[in-house]
Amino acid sequence: MAESRSNRAAVQATNDDASASKLSCVKKGYMKDDYVHLFVKRPLRRSPIINRGYFSRWAAFRKLLAQFLESGISSNETAQPKKQILSLGAGFDTTYFQLLDEGKAPFLYVELDFKEVTSKKAAVIENSSQLRDKILGANSSISVEEGQVLSDHYKLLPVDLRDIPKLRDVVSFAGMDPSLPTFIIAECVLIYLDPDSSRAIVNWASKTFSTAVFFLYEQIHPDDAFGHQMIINLESRGCALLSIDASPTLLAKERLFLENGWQRAVAWDMLKVYGSFVDTQEKRRIERLELVAHDAGKSIIIHLINLVFHPFYVMGKGISSIYEHYCVTYAVNDAMGIFGDFGFTRGSRESMNISSAMSP
Ligand code: SAH
């Protein structure tokens, strides 16, 4: 039963969708990513609502990641303390290469995914000097067959995340040090796994890394009309959200972490993330890039375009509905005591009001 609702190839294909969506944003000027185009065979133009949603996700991720990278550095220190990033179900994400360009790459960046995906990623890295030159050094190697890229500071490795003993082995093979501050990324990954596997991964991560931030981005609210449609669409493609009923709300996402060993957890939906966490200046900039339905006075034409081109779009409930069905959850373990003010509210001078551009 679970097999027909969810199959490996269909879940892997969601990575191609993610890359195409990122490229659509990059082309419109929402954000910079000099590498994502290398991974997209068929570029697509996403609707303004989807672009803005992707941008919000990216902005929240980069803002929390920047907080992590800055934490524990005192003002009289010049050297960056050793830190590491672990990306679960990384797909074709290019954050490592972006951080290198920005001079912000951590000591170690490890990406894990199914072998089918890591092989394709290894091939793209091997065939593109733009990427290859960034990681090649005396100790580096790329194997498309093994789906592996090994270099001093970046490792790409294949594993089925549901196999915790193997996950443990791979992470240790990658040279991750459990005592170092670690940022764990799981964007649209755990929700596709069965609930026991999702819980086991969250639990393993908490037991393994005592000073860590877990960044989770995924769907919520399967039970209203919009959520129902979202579930039907994904199931019909063979990539059911197997874990959504186990943590269907913001509170349940926080509980997933708190019940599995994490000290602190906070979940916000994307409406709140956009309204209260994404920088006001950035919002001003991107809201000028293209009109979304609300900006245009809920133009019927834009609604119709979205209905045709975006499977999750529900007429009359456009923008707020989509953003209320995705959330960012972060969880913190802080043995070293460096994440005291980490999170959505750190140094926040943002208004707590939801931006009018995001309201229904
Ligand atoms: N995190 C990336 C990709 C999301 S697509 C992004 O946000 O852009 C989901 C990814 O998770 C796919 O690449 C898929 O292959 C991977 N994935 C899903 N289940 C997995 C599993 N059991 N083991 C390893 N990778 C998995």
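Counting starts at 1 for both ligands and their atoms, in listed order.
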Please report which non-hydrogen protein atom sits nearest to [atom], along with the residue it belongs to and the distance in Å to one decimal place.
{"atom": "atom 20 (C) of ligand 1", "result": "F114 CE1, 3.2 Å"}
{"atom": "atom 18 (C) of ligand 1", "result": "V11 CG1, 3.5 Å"}
{"atom": "atom 5 (S) of ligand 1", "result": "T14 OG1, 3.3 Å"}
{"atom": "atom 9 (C) of ligand 1", "result": "C188 O, 3.3 Å"}
{"atom": "atom 15 (O) of ligand 1", "result": "D113 OD1, 2.6 Å"}
{"atom": "atom 22 (N) of ligand 1", "result": "D160 OD1, 3.0 Å"}
{"atom": "atom 10 (C) of ligand 1", "result": "G89 O, 3.6 Å"}

Run the numbers for me: atoms of ligand 1, each under 4.0 Å from some heavy atom of [X], listed by number.
{"X": "G91", "result": "13 (O)"}
{"X": "V159", "result": "23 (N), 24 (C)"}
{"X": "L161", "result": "21 (C), 22 (N), 23 (N), 24 (C), 25 (N)"}
{"X": "V189", "result": "11 (O)"}
{"X": "A18", "result": "8 (O)"}
{"X": "L193", "result": "19 (N), 22 (N)"}
{"X": "N15", "result": "3 (C), 5 (S), 12 (C), 13 (O)"}

Are any of the N/O atoms in [X] less than 3.5 Å from those in ligand 1?
{"X": "K22", "value": "yes"}
{"X": "Q12", "value": "no"}
{"X": "E187", "value": "yes"}

Atom pair CD (E287) and CZ (F55), whose distance is rounded to the nearest 0.5 Å: 9.5 Å

Rounded to the nearest 0.5 Å, how far apart are CG of L88 and CG of L161? 5.5 Å

Would you say CZ of R285 has more than 12 non-hydrogen atoms from neighbouring residues, nucleotides or ligands within 6.0 angstrom? yes

Contact between ligand 1 and R57 is defined here as a heavy atom of the residue under 4.0 Å from a ligand atom; is it met? yes

Stepwise side chain to side chain contact (heavy atoms under 4.5 Å, CB included) test for L190 and V202: CA-CA 9 Å; L190 300 191; V202 168; 3.9 Å; yes

Please work out, at 4.0 Å between heavy atoms, whether the side chain, the backbone, both, or neither of A186 comes within that distance of ligand 1. neither

Ligand 1 contact on V117 by region, counting heavy-atom pairs under 4.0 Å: side chain

Regarding [X] and the six-membered ring of [Y], is the cationic atom NZ or CZ under 6.0 Å from the ring centre and inside 45° of its axis?
{"X": "K207", "Y": "W204", "value": "no"}
{"X": "K83", "Y": "F107", "value": "no"}
{"X": "K63", "Y": "F277", "value": "yes"}

Heavy-atom donor-acceptor pair, T118 side chain to G147 backbone, under 3.5 Å: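 Pair found, side chain donor or acceptor close to backbone of G147.
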
Any donor-acceptor N/O pair, Y109 side chain to T95 backbone, under 3.5 Å: no

Before you tell me yes or no, could you show the steps for Y217 and F61 under ring-ring contact (aromatic ring centres under 6.0 Å, His included), namely the whole-Å CA-CA distance, both residues' side-chain angles and the distance that decides it to 0.1 Å? CA-CA 9 Å; Y217 175 86; F61 166 71; 9.8 Å; no

So, D93 and K22, do they make that salt bridge, N to O below 4.0 Å? yes

Do F257 and Y330 have their ring centres less than 6.0 Å from each other? no

